[in-house]
Visitor: 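Before we start, here is the structure in question, set down as structure tokens.
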Amino acid sequence: MSNEQQPRLYYPSEEMVKNAAVSGMDAYRALCKEAEDDYEGYWARQARELVEWKKPFTQVLDESNAPFFKWFADGQLNVSYNCLDRNVNNGLGDKVALIFEADGGDVTRITYKDLLTRVCKFSNALRAMGVKKGDRVVIYLPMSIEGVVAMQACARIGATHSIVFGGFSAQALRDRINDAGAVALITSDGQFRGGKALPLKPIADEALGMGGCECIKNVVVVQRTGAACNMVEGRDKWFHEVCASQADTCEPEWVDAEHPLFLLYTSGSTGKPKGVQHSTGGYLLHAILTMKWTFDIKPNDVFWCTADIGWVTGHTYITYGPLACGATEIVFEGVPTYPDAGRFWKMIQDHKVSIFYTAPTAIRSLIKAADNTPTVHPKNYDLSSLRILGSVGEPINPAAWEWYYQNVGGSRCPIVDTFWQTETGGHMITPLPGATPLVPGSCTLPFPGIIAAVVDETGTEVPNGQGGILVVKRPWPAMIRTIWGDPDRFKKSYYPDDFKGKLYLAGDGAIRDKETGYFTITGRIDDVLNVSGHRMGTMEIESALVAHEKVAEAAVVGRPDDLTGEAIVAFVVLKGARPTGEDAKAMIKDLQNWVGHEIGPIAKPKDIRFGENLPKTRSGKIMRRLLRQLAKGEEITQDTSTLENPAILDQLKQPAG
Ligand code: WTA
């Protein structure tokens with residue numbers, strides 16, 4: 001290998017190594033070895049040390065009904081107790097838990113004591129409405145203190161929450177409420193984003209009016225924008241009113257470790273989103289452990305995860321992990337570009353953020369903004385409080401990594417590039433800041449106790465340097481338990497027969513470096529796209545497109561995009577004639593809005609092309625491989641003789657219009 005090909009390694013500073021929870025590579029290897037030698041003993045030790053149990057567990061891993069694994073099954077606990085009461089009891093009552101910064105810049109600080117009181121009041125309010133252990137509660141809220149309170153309150157009374165991202169449409173909300181059979185919906189009148197007040201309750205009303213949401217008995221509305229709301233008598237109530245009369249203490253519901261803490265819907269390779277079901281004990285353990293080791297959280301840190309609570313990152317690294325560690329964290333309502341693209345840097349400066357966790361898409365857009373407008377470049381801000389940076393959601397390209405490292409981290413802060421998924425509950429493959437030498441673009445090595453590997457189609461491990469399929473060889477405490485209401489789909493999606501039901505299939509491709517064994521994620525191997533770090537199923541978008549009255553057929557693929565990682569390209573056959581010129585332009589707008597309305601703005605195809613047909617084999621199968629090449633603008637060099645209709649390719653080459 002020439003020098004140029006050799007990736008540069010970035011080592012942690014001596015000071016970082018000295019003070020880190022996992023100090024140096026020997027310490028990392030010792031933990032991995034402990035887990036390999038006595039897998040259950042390792043996890044049991046962590047669970048006893050880090051989680052406060054009401055009733056200690058005696059069983060660790062139960063594999064008797066694989067792949068429906070159970071962890072710590074006879075133990076009992078409460079997540080909200082672990083996040084709030086435990087810290088208040090340990091003298092952290094007056095410590096700031098949440099620093100909420102509103103879109104417009106107002107800052108509210110909530111101590112652990114305040115947060116506990118708010119959670120207790122809302123827990124009591126939910127109980128007063130008849131919400132009980134095991135009931136599902138859908139939360140459709142913007143980034144807010146109430147969002148965290150609502151999640152914690154559900155956890156406190158043993159209700160299983162299911163958050164629907166505030167950017168999802170009425171249809172998406174309706175489908176999730178219906179699938180979960182939720183008894184209550186918690187939403188707000190609206191939300192502020194980028195200086196604008198946007199409605200939310202009207203979308204919830206639309207969803208509830210669609211049919212299929214009859215299970216919802218109570219709707220609780222947080223007042224945020226002050227917009228007028230249509231409140232249905234007997235069903236709809238204001239959040240502040242239901243809380244006002246409630247007592248400020250609330251006995252937690254002690255639940256079994258396997259009790260479902262939450263469902264979170266995510267995209268898979270079929271049209272229907274799947275309700276990923278998480279446990280209580282194992283999930284909480286991994287949230288705490290990764291906060292301690294990946295983020296090296298310390299009492300004086302100010303932690304900021306910029307994700308929305310609507311995604312799993314916001315669950316584990318806003319609502320649960322930081323609070324369970326007694327940390328001070330930022331909750332941000334707004335967007336990174338308002339009032340200008342220096343907002344993140346200004347907030348890091350103002351709040352003296354020490355650990356900052358964001359997505360590559362955000363970094364790439366802020367690089368572009370700083371190139372165009374020098375005043376929003378991070379060098380104009382005092383970012384000296386930072387000590388650790390994180391990245392999540394998609395592969396981070398080395399150029400963005402370098403920029404983040406130098407300009408945000410001052411070439412001083414390790415970047416933890418954390419690979420994980422909604423299904424995994426927390427970090428799976430990630431550097432540890434005081435141990436792992438970094439390579440830009442690589443998520444490096446598995447978290448201690450996570451046994452990851454790269455295999456071929458038969459499940460056999462491939463040599464380093466050869467790409468393959470990413471799998472996890474042993475069940476881990478925070479893993480998905482099932483898909484809500486669809487255990488068969490759970491088995492087929494994650495423990496397929498191809499691997500004899502023994503390996504967890506992540507759905508990503510990966511390659512390990514020949515020398516270091518470091519993992520690099522090469523992208524999804526199924527029909528899931530990653531647009532700005534958001535998971536979208538191609539089939540979901542296709543279903544939305546064909547639901548349009550003028551669409552006969554549609555195929556959706558991804559294409560690499562400098563800013564969003566991947567961009568959505570749709571190939572569409574209309575029922576009428578193939579549109580051209582202005583007609584095509586109008587139709588594109590129409591279809592983009594349609595998809596925005598069916599799923600949400602994040603699912604809008606960036607590029608739509610019209611053909612009289614789609615390229616198909618003689619047996620009628622759509623040749624997606626060709627569509628991917630067309631989407632990228634590549635010349636089709638391969639043999640297209642098996643195509644039934646080769647002339648179609650010319651029609652689909654160019655963006656329409
Ligand atoms: C991708 C987000 C490369 C991957 C926590 C995965 C990543 C999907 C990384 C899960 C990373 C996430 N490097 N790819 N550091 N993190 N991904 O469920 O394709 O929204 O399968 O969970 O995002 O997305 P999800």
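Note that ligands are numbered from 1 as they come in the structure, with each ligand's atoms numbered from 1 the same way. Numbering of residues begins at 1 and proceeds along the displayed sequence. Since this is a predicted model, take the numbers as computed values, not measurements.
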Visitor: What protein heavy atom sits nearest atom 3 (C) of ligand 1, and how far away is it?
Guide: P395 N, 3.2 Å
Visitor: Does the N or O separation between T266 and ligand 1 drop below 3.5 Å for any pair?
Guide: no
Visitor: So Y11 and V17, do their side chains get closer than 4.5 Å, heavy atoms only?
Guide: no
Visitor: Please write down residue, atom name and distance for the protein heavy atom closest to atom 16 (N) of ligand 1.
Guide: G393 N, 3.1 Å
Visitor: Testing F262, W484, W71 one by one against H278 for a ring pair (Phe, Tyr, Trp, His ring centres under 6.0 Å), which residue passes?
Guide: F262
Visitor: Check for a donor-acceptor pair, side chain of H427 on one end and backbone N or O of F419 on the other, with a separation under 3.5 Å.
Guide: no
Visitor: As a test of understanding, state which of Y357, F344, Y317 forms a ring pair (Phe, Tyr, Trp, His ring centres under 6.0 Å) with W304.
Guide: F344
Visitor: Checking contacts here: is it the side chain or the backbone of R524 that comes within 4.0 Å of ligand 1, counting heavy atoms only? Could be both or neither.
Guide: side chain
Visitor: Do any N or O atoms from the side chain of E258 and from the backbone of K70 form a donor-acceptor pair under 3.5 angstrom?
Guide: no
Visitor: Looking at side-chain heavy atoms only, is the closest gap between R176 and V138 below 4.5 Å?
Guide: no
Visitor: Among all protein heavy atoms in this structure, tell me which lies nearest to atom 24 (O) of ligand 1, with the distance rounded to 0.1 Å.
Guide: R535 CD, 3.2 Å
Visitor: Any idea which protein heavy atom is nearest atom 11 (C) of ligand 1, and the distance to it?
Guide: E394 O, 3.5 Å
Visitor: Exactly one of P414, S411, P440 should register a side chain to side chain contact (heavy atoms under 4.5 Å, CB included) with Y405. Which one does?
Guide: S411
Visitor: Once you restrict to heavy atoms under 4.0 Å, what part of I396 touches ligand 1? Side chain, backbone, both or neither.
Guide: neither
Visitor: Quick one: nearest non-hydrogen protein atom to atom 21 (O) of ligand 1, plus distance?
Guide: D508 OD2, 2.4 Å
Visitor: Could a heavy atom of W420 be found less than 4.0 Å from some atom of ligand 1?
Guide: yes
Visitor: If you count the atoms of ligand 1 from 1 in the order shown, which ones are under 4.0 Å from a heavy atom of I521?
Guide: 3 (C), 14 (N)
Visitor: Given side chain to side chain contact (heavy atoms under 4.5 Å, CB included), test M536 with V528 step by step and report yes or no.
Guide: CA-CA 6 Å; M536 302 293 330; V528 171; over 6 Å; no
Visitor: For the rings on Y504 and F499, is their centre-to-centre separation under 6.0 Å?
Guide: no
Visitor: Would you mind listing which atoms of ligand 1 come within a distance below 4.0 Å of any non-hydrogen atom of T313?
Guide: 5 (C)
Visitor: Looking at ligand 1, is there an atom of it that comes within less than 4.0 Å of some heavy atom belonging to C443?
Guide: no
Visitor: Any atoms of ligand 1 less than 4.0 Å from a non-hydrogen atom of N530? List them with their elements.
Guide: 1 (C), 23 (O)
Visitor: For atom 18 (O) of ligand 1, grab the closest protein heavy atom and report residue, atom and distance to one decimal in Å.
Guide: T422 OG1, 2.5 Å
